[in-house]
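To start, the structure under review is shown below, and the notes come after it.
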Amino acid sequence: MIGYFINHVRLKHRILLSGVLAGGLAVAIIAVAVLSFNRTAGDFFQFVEFSRQSHVDLLTTAKISEIQHQAGIYTYQGYRAAAEQVEVLHGELLSQIEQALHQNDPEISTIARVIKARLQNYFQAFQQVRVQRERREQLINVDFRNHANEAELLVTELIGLPSRENASEAELQRLLSTLLLVEKHAFRYFDSLDAEHIKIARASLEDARRGLKRLEAEAFDGDLYLEVDDKLDLYQKGFIEAIQRTRGYLYLVNVVMAADAYEILYQSRKLSGVLTDRMEQRVWSSLASIDAAKITLLLGAGLLLLLLIPLSYVIGQSITRPVSRLAETFRRLSLGDSDTKIPAYSAADELGELTVAARAFSDKNRETEQLLQRSRELGQALERSKVDLERSNDELEQFVYTVSHDLKSPLVTSMGFIGIIRSLAQQGRHEKAIGKLDKVVKSNERMGQLINDLLELSRVGRVDLDKKTIDLNKLLERFAHSQQERLSKRNFTLTIEPGLPVVQANESRLLQLFENILSNAIKYVVNTNGPRLKIGAVRADNQLLVFCEDNGPGIAPEYREKIFGLFYRLDNRQEGTGIGLAVAKKVMKFHGGDIWVESEPGKGATFWIRFPDTTGEGNLP
Amino acid sequence: MTIAPTDRSYILLIEDDDDHAELTEFYLRDHLHGMQVTRLDDGGVAMQCLQAVRSGEQPRPWLIVLDLKLPKYDGHEILSYIKTDARLSRIPVVIFTTSNSSRDISLALDNHANSYITKPMEPDGYDAVIGRMIGYWKLNQHDLVLADTRADS
C-alpha cells in the first residue's frame, strides 16, 4: 500500500488526497447528521399534527357531553334554546367527524364512521323526542286542560240546579273536588314526571266516574250527567295519551339517545386512546429514529475514522519514511561519508527526484573527493619533487659555487704571479722572476688535480652503477693488503675486525670510500704515537653499522658537517683538495645509506657507515 | 718621502691560500711603503686575533682584507663578528675573494662589508686592484698621513 503510494502518487497529490479524504469525511458526517435531523424534524411535525388532532377529539368528547347536557335540559325543562343548541352542536360535531373520516389511519376512520352513524341515530331520536315533546305540550296545555275545564263547568252547572236534594248536592261537591284533585296530580306529574301522581290522578278519576255513575242513577235529569260522563271520557283519554307520549320521549331520551350518547362517548374515548397511542408511537419512533441517527452518526464517523487512520498513516508513512531516510543520508553525506548508500528509491514523486538529486550529489561528492584526493596526491608528489628539485638545485648551486671558487683560485694565483714575473722581468730582476715561475707551475698543477677530482666525483652515481653482493670482510682484507706498502712507510696500523656485514654495493666505489677514509686518517693522525685505524661493525637498531675509528686529534663539533663539503679542508697545509670525504658522502648516498662522524677533540674520530640493507654478518675467511 | 702609518697601525690580511697571500702582501707593500701587513691563514686564528683586538691586547688594524673561503670560520662569519661588535665595527673590512656570486656579494654587503673586491684573473689585475683599494681607503682615513710613495719606489 505504502509502496504503491510511494511509487505511483506524487507527494503533492498525496497531501491533496489526504485533504480531500478529510474533507469528504467531514461532509459525510455532516450529511448523515442533516439526514437524521430531517427525519427527527419530520417525526416532530407528525407529532405536532397528532397532538392537534387529539386536541380536536377531546373537543369532540366535550361537545358530545355538551349535546347530552343540552338535550337533557330540553327534555326535562322543555327549553327551546337548548334544542337549538343541540342542533348547532350536532352540525359542528358532524364537520369534525367528517375531518376524522378523511384520516388515512383506517382505525381512526372506522371509529369516526361508527361515531357518525351513532350521531345520526342520536339526532334522529332527538328529532322524535322533539315531536313527542311538542305533542305532549299540546295535549297537556290545550286538549287536557280544555276537557278538564269543560267537565268541571258541567259539574258546577249540576250543582246549581234547584231540584236537587241535599245529598246529591254533596255528592256533586265531592265529585268536583275529586276532578280538581285529578287535574292537580296530572299537572304535578307533567311537571315532576313522578309516577305516584299518575296513580293518584287515575284513582281519583275512577273515583269521580264511579260517583258520577251513582249520581246518574239517582238523578231525574240524566242527560246532563251523560254529558259530564262524555267529557270525563275525553278527559281520561287525553290524560292517558299525554302520559304515553311522555313515556315515549322519556324512553327515547333515557334509552335510545342515552345509548347512542354512551356509544359516541365510548367511541370518542376510543379514538382519543388510539390517537394517544399513535402519538406515543410517534414519540417513541421519533426517539428511536433519533437514537438510530445517533448510532448511525457515531458508527459512520467511527467507520470513516477507522478508514482514514490507516489511510493517513499510509500517506504519512509514504512521505515521512523516505524523507527521514533521505535526511539520514544527507546527514551522513554532510559528515563526508561518501560511501553512504543512497536508499534505492525509484518512485516518481518529489522524494524520488530528491533521491535522484541526492544520488547525483553523492556521486559528485565522491567524484570531487576523488579529484581532491588525486590533486592532493599530485600536490604532494609535486611538493616532493619540488623539494627534491630544490635540494638538488641547492646542491648544484653549492657545487658550482665551490667549484668556481676553487677552480678560480689557482687561476688567480698563476695570473698574479705572471704579473709579478712580468714586472720583475721588466725591472731586470730575471732570477727572481724565474723563481716565481715555480708558483705558476704549481698552481696549474693544482688546477689539473682539482679537475681530476671533480671528474672523479662526477663519476660517483654516474658510472660503475652495477651493484653486487659484497662481503665486506673479504673486500677490506683485500684493501688492507693493497695498502700494505703505504701503511708500513708511515708506520700506520690498519685493523680489520671480523663480523663485517655483507652488502649490496658497487665494489670500486666502496674501495674508493675506504681509501678516502684511510687517506684522511693518515693525513691527520700524524702527531700521535702509533697512528691507527680500526674498521669493524656493531649491531645497532637491528642493523649492522660499520665504523672506522682512528686515534687522531679528533674533529671539533662545528666541523663535523663541514668536512663532508666539497673542497673543504680543515688544514690548508695538508695536501689534497678536500674532495675525499665529499666523495665518501656521495658514495654512501648513492648506495642509499649514509656516512657521518662522531668525535671528541683529542680522542680521535669515528666515521660511521650505514648501509640500507645489511643482510647479515659475512663469513670470515 | 715620509711616513707611514702611526706606529701601531697595520693591515690585517686574513687569507688561507699562501700564494694569494703572497701576491696580496706583495702589492700592498708595493703601494704602502712601510705599512705592516699581518697575515692570518685560517678562520679560527683570525677569530682569536679579533678577540684580542677587541680586548685591547692587540692593536687595532687600519684595514682588514678578508677572504671568504676559509677553514673553520669562513669570511662571512668573521665579517659578521666584526660588524656586530661595537669596538670592532668601525674597522673597515674589504672583502677580497675569488667569488663573484651574487649570494656572497649581497650577504657581505648585508653584513656591512665596506668594500667587496673580486680577485683579478689577469696578470696586471692585482696591481690595479690593490692600488685602487689603498687609494680609496687612504683618503677615507684621517688619522693617517701618507706620502705618495710611488715616486720613491
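Here the structure is a predicted model, which means the values were calculated and not measured. Here is how names work: the chains are called A, B, and so on, in the same order as the sequence lines, proteins then strands, and each is numbered from 1.
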Can you tell me how far [atom2] of [Y] sits from [atom1] of [X], rounded to the nearest 0.5 angstrom?
X: B:Asp19; Y: A:Lys436; atom1: CG; atom2: NZ; answer: 9.0 Å
X: B:Lys69; Y: A:Ser409; atom1: NZ; atom2: OG; answer: 8.0 Å
X: A:Thr413; Y: B:Leu23; atom1: OG1; atom2: CG; answer: 6.5 Å
X: A:Lys408; Y: B:Asn100; atom1: NZ; atom2: CG; answer: 3.5 Å
X: B:Lys72; Y: A:Lys562; atom1: NZ; atom2: NZ; answer: 11.0 Å
X: B:Glu122; Y: A:Ile418; atom1: CD; atom2: CD1; answer: 11.5 Å

Within residues 79-89 of chain B, which residues come under 4.5 Å of chain A, heavy atom to heavy atom?
none
B:Ser101 versus chain A, the contacting section by heavy-atom distance below 4.5 Å
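Side chain only.
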With a 4.5 angstrom heavy-atom cut-off, which part of B:Thr97 approaches chain A: side chain, backbone, both or neither?
side chain
Among A:Gly416, A:Ser414, A:Ala556, residue most engaged with chain B (heavy-atom pairs, under 4.5 Å):
A:Gly416
Do A:Ser423 and B:Asp127 make a side-chain contact, defined as non-hydrogen atoms from C-beta onward lying under 4.5 Å apart?
no
Should B:Tyr126 and A:Met415 count as side-chain neighbours, where that means a heavy-atom distance under 4.5 Å?
no
Looking at [X], I'd like to know if its [atom1] atom is crowded, meaning that more than 12 non-hydrogen atoms belonging to other residues, nucleotides or ligands lie closer than 6.0 Å.
X: A:Phe547; atom1: CZ; answer: yes
X: B:Arg103; atom1: CZ; answer: yes
X: A:Gln427; atom1: CD; answer: yes
X: A:Glu431; atom1: CD; answer: no

Please flag which part of A:Lys442 lies under 4.5 Å from any non-hydrogen atom of chain B: side chain, backbone, both or neither.
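Neither the backbone nor the side chain of A:Lys442 comes within 4.5 Å of chain B.
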